[in-house]
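Down below is the structure, laid out as structure tokens.
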Amino acid sequence: MDLSDLNEIQAAAVKCIDAPVLIYAGAGSGKTRVLAHKIAFLVEEAGLEPSSILSVTFTNKAAGEMKSRVAALLPRLKGAKKSKMPSPVVGTFHSICARLLRHDIHHLGYQRDFVIYDKDDQVRLIKSVLEQHELDTQLYPPQYFQTRFSNAKNALEGGEELRSRAKGKDGDILATVFDSYQKALRRNNALDFDDLLLLPLELFSKHTDVRDRYREKFKYIMVDEYQDTNKAQFEFVKHLAVESCAITVVGDDDQSIYGWRGADIRNILDFHKTFKGAEIFKLEQNYRSSDVILKAAYEVVSRNQQRTEKKLWTAKEGGELIRIIVAEDERKEAEIVFQRIQHEVLVKKRRFGDLVVLYRTNAQSRAIEDVLRRRAIAYTIVGGPKFYERKEIKDVMAYLKLLVNPSDSVSLDRIINFPPRAIGDTSMNRLRAFSRDKDISLFSALDNGVEAGVQPKQAQAMQEFKGLIERYRELMGAAVSGPDAKGKSNSKKRESNGHLGVVELVTTLLEETRLRAYYRNQGTSESVDRTENIKSLIDSIEYFMEDDPEADLSHFLEETALLTDVDRWNDSTNSVTLMTLHSAKGLEFPVVIMTGMEEGLFPLMRTDDTDMDEEEERRLFYVGITRAEEQVYLTCAKNRRRWGGPPMQSALSRFLRELPEELVEWSTDSEAEALPSTVSAAARKHRSARTIQAQELAARAVLDDYVVGAFVEHKLFGKGQITGREGVGDRLKLSVQFNGETKKLVAKYAGLTRL
DNA sequence: TGAGAGTTTTTTTTT
DNA sequence: AAAACTCTCA
């Protein structure tokens, strides 16, 4: 097989298939290329079936990339009909485990149509457990339990460890609540994120026949971003590969940034202990960044004590200096971000899609977003207020989840009285007590309202609701038997007629429940957004179904639960990307603008408890810088307000001082504004840049001054005032009020002059 | 029971 | 500053 695309070390790592392989792959060292080649190599040279190779990636997006790169390398994969030729199994730990459990979870006494609880669902469930134990949720915040439980599970610990780690009564409470929480999950036929990783382990150790089946199936295992695996993930890999030793893992301890999520750096450092005779390769040639960027990044990260020594190098020389810009406050900082975008696009002739703005916390995006919106810069936010976490979306999803799995009491709780059906807390509490007493699911208890001591009117409403859900379950083609029957009913028999397509089903359901109408009739500007969001949820269900006509509702639910924000990010739209440093891992951009470079914010310091992990913060900084190919900007604000309070003075981030002086260039926002009036060479350069900008502005109206309220002049209509705007770039339309008459004009062609 | 006013908390990063 | 939660009154 042709490995001429690879350098010597890369090729050696690909060809080494007789021993476990650990590849230290620095940022931008071409590890995806290596992994893709190795899969192709295993197929071509070792004769493995593609479907017998399991490749674990960090995001689903990376999985998609991996698949298409492998396909490009394997002509027979590419040419063949997709359905004919099985492709390698590529996905994240979570999605691979979910798929596995859909197959085999019945061995553990769960039903296959389990739903996945996100953090919000978990907290709700914990809250109801706390109430059941009559614990004050003020004194015992559900959030806290959620974190503790998740950490415990990630470390493969349970109630006992929780008990012994905490002192005294707290330990008992933790253990008790944990126990009830687990039981509640099981009753609801639900798994939380951590269970997705844990249950396969339980399955493998209790049912070795199942484990052996998977060992047989997966003849070779590859794991990317190995430095970010936690204990459960490590055990999963170990189960499958410890005997065969047919495994390659790729990682970079300098890019380990998920310690807080249970990622265990020892997994990479102790790899050779678990997998005997491991071969280690270090990829140190970087194909992404300029020499300046690499040197700066190394200077910073090499201060860390806990790391294996490696130093990236590049064949490129020199590069643009790193620019640090100090702003007065976060508003000015956002202005600077805008100016730099403007500069890069107009002067350096870059596309908007070449730029990324990074920050430590999601909350920082707002100030930047405000300015970019005002300035009509097309931007895309990755993460932040997440679509699938919006209230209205969760409401609709709760209906869908309940259709798939009526045992899901968290979803039931959420929607039983939404839109209002006159079933309040009192009634529900009675019903809950009743269902616990009789040990039946909350859903089936809906029939027994009167028996549970609920008022007749409410009891009837409950029955009606149950009838509604059941009717739609039938329309959907689900087994009619209900939740308490054992889950041998297979989902795949909806060829039979009388069943609605998923989209029709959802639309009708939303009409009948009047949920959409509820939001539509609120009449607030917010409710307009919410209605829109519901619409786009339906659209995305439609797309999903078009993509995979075989899929059903539970597939859709699974996908939405496991997709990350980066997965949903469409990098082909030509717009500036805004995201957190964590989300940026694995990505690259010509220009990186890192904001909020202040002590306390980055490195981030929590005001209350535990002190920060300085080394991890530094690695995060390293990850940020090494995303850049050519240019890095670092900005900070001297004063910043955090959550509404008065502006607080902040000191420059220590990381700024750790950069070698000769590689950086400092300026402040006031200097930046003053530049054109001075006479230095740099300033002249800058001024000519401004001139170009002005011309470009008029011609392209991409970066414009057409703010609402501005006064403009039109050749024909004369003087007017801008009253509204829609669209961006060439499609920017302005509403302009001229002398009593309002006109809508396409900015590009209107030839307006700002007054 | 339901709506609206008033109060408190939140923010670290994410599967 | 916004969302989530609690309280009060009809």
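Below, read A as the first sequence line, B as the second, and so on, with proteins coming before strands; counting in each chain starts at 1. Predicted model only: the values in this text are computed from it and were never measured.
- Remark: C1' of dT14(B) and CG of N230(A) are 12 Å apart, rounded to the nearest angstrom.
- Evaluation of the ring pair (Phe, Tyr, Trp, His ring centres under 6.0 Å) rule for F236(A) yields F204(A) as partners, not counting sequence neighbours.
- Closest to the side chain of T580(A), from the set dT15(B), dT13(B), dA2(C), is dT13(B).
- Atom pair Y258(A):OH and dT14(B):P shows a separation of 6 Å (rounding to whole Å applied).
- No aromatic stack links W260(A) and the base of dT12(B), using centre distance under 5.5 Å and interplanar angle under 30°.
- Judged purely by distance below 3.5 Å, without hydrogens or angles, the side chains of Q233(A) and E235(A) never pair a donor atom with an acceptor atom.
- Atom NZ in K153(A) sits roughly 21 Å away from atom P in dT14(B) (whole-Å rounding).
- In this structure, S427(A) and E617(A) both approach DNA chain B, and ranking their closest nucleotides by distance from the 5' end singles out S427(A).
- Taking atom CG of residue L581(A) and atom C1' of nucleotide dT13(B), one finds them 9 Å apart after rounding to whole Å.
- Listed nucleotides dT14(B), dT11(B), dT1(B) differ in distance to A363(A); the shortest reach to its side chain belongs to dT11(B).
- Remark: Y110(A) pairs with no residue by the ring pair (Phe, Tyr, Trp, His ring centres under 6.0 Å) rule, at least two apart or across chains.
- For the 3.5 Å distance criterion, the side chains of E131(A) and S128(A) fail to qualify, holding no donor opposite an acceptor.
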Distances for protein N/O vs nucleotides 2-5 of chain B N/O pairs under 3.5 angstrom?
{"unit_1": "dG2(B)", "atom_1": "OP1", "unit_2": "A422(A)", "atom_2": "N", "d": "2.7"}
{"unit_1": "dG2(B)", "atom_1": "OP2", "unit_2": "N417(A)", "atom_2": "ND2", "d": "2.8"}

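- Each of dT15(B), dT12(B), dT14(B) was ranked by its minimum atom distance to the side chain of F193(A); first place goes to dT15(B).
- Residue contacts for T426(A): at a heavy-atom cut-off of 4.0 Å it reaches the sugar-phosphate backbone alone, with no base atom in range.
- Nearer to the 5' terminus of DNA chain B, by closest-nucleotide assignment, is the contact made by Q143(A) (compared with the other of A561(A) and Q143(A)).
- With a 3.5 Å limit on both pairing distances and Watson-Crick or G-U wobble geometry required, the stems of 3 or more pairs in DNA chain B span B:1-10 with C:1-10.
- Under the 6.0 Å distance and 45° angle rule, R148(A) does not count as a cation-pi partner of F145(A).
- Checked against dT12(B), dA2(C), dT1(B), the side chain of R366(A) finds its nearest nucleotide in dA2(C).
- Atom CD in E559(A) sits about 13 Å away from atom P in dT15(B), given to the nearest Å.
- The C1' atoms of dA4(C) and dT13(B) are separated by 22 Å, rounded to the nearest whole Å.
- Between E598(A) and S653(A), the side chains place no donor N or O within less than 3.5 Å of an acceptor N or O (distance only, hydrogens not considered).
- Donor-acceptor pairing under 3.5 Å is recorded for the side chains of Y117(A) and D408(A).
- For N362(A) and dT13(B), the shortest distance from a side-chain N or O to OP1 or OP2 is below 4.0 Å.
- Defined by atom type and a distance below 3.5 Å, a donor-acceptor pair is present between the side-chain atoms of S409(A) and N188(A).
- For dT14(B), one of the phosphate oxygens OP1 or OP2 lies less than 4.0 angstrom from a side-chain nitrogen or oxygen of S583(A).
- Note: CH2 (W569(A)) to C1' (dT14(B)) measures 17 Å, nearest angstrom.
- Computed from coordinates, the K119(A) NZ to dT13(B) P distance equals 9 Å when rounded to whole Å.
- In summary, the side chains of K127(A) and Q143(A) do not present any donor paired with an acceptor at a separation below 3.5 Å, with no hydrogens or angles considered.
- Nucleic acid contact for E616(A): none, since no nucleic acid atom lies under 4.0 Å from a heavy atom of the residue.
- The aromatic ring centroids of Y258(A) and H582(A) lie less than 6.0 Å from each other.
- Distance, F602(A) CZ to dT11(B) C1': 16 Å, rounded to whole Å.
- Taking a cutoff of 4.0 Å between a charged side-chain nitrogen and a carboxylate oxygen, K119(A) and D192(A) do not qualify as a salt bridge.
- Contacts of E392(A) classified as salt bridge (charged side-chain N to carboxylate O under 4.0 Å, His left out), with partners at least two apart in sequence or in another chain: R530(A).
- A donor-acceptor contact under 3.5 angstrom links the side chains of T92(A) and S95(A), judged on distance only.
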Legend entry - Base versus backbone protein contacts along nucleotides 4-10 of chain C [heavy-atom cut-off under 4.0 Å; B, S, -]: -------

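- Contact between the side-chain N/O atoms of N154(A) and the OP1/OP2 oxygens of dT15(B) is not found at any separation under 4.0 Å.
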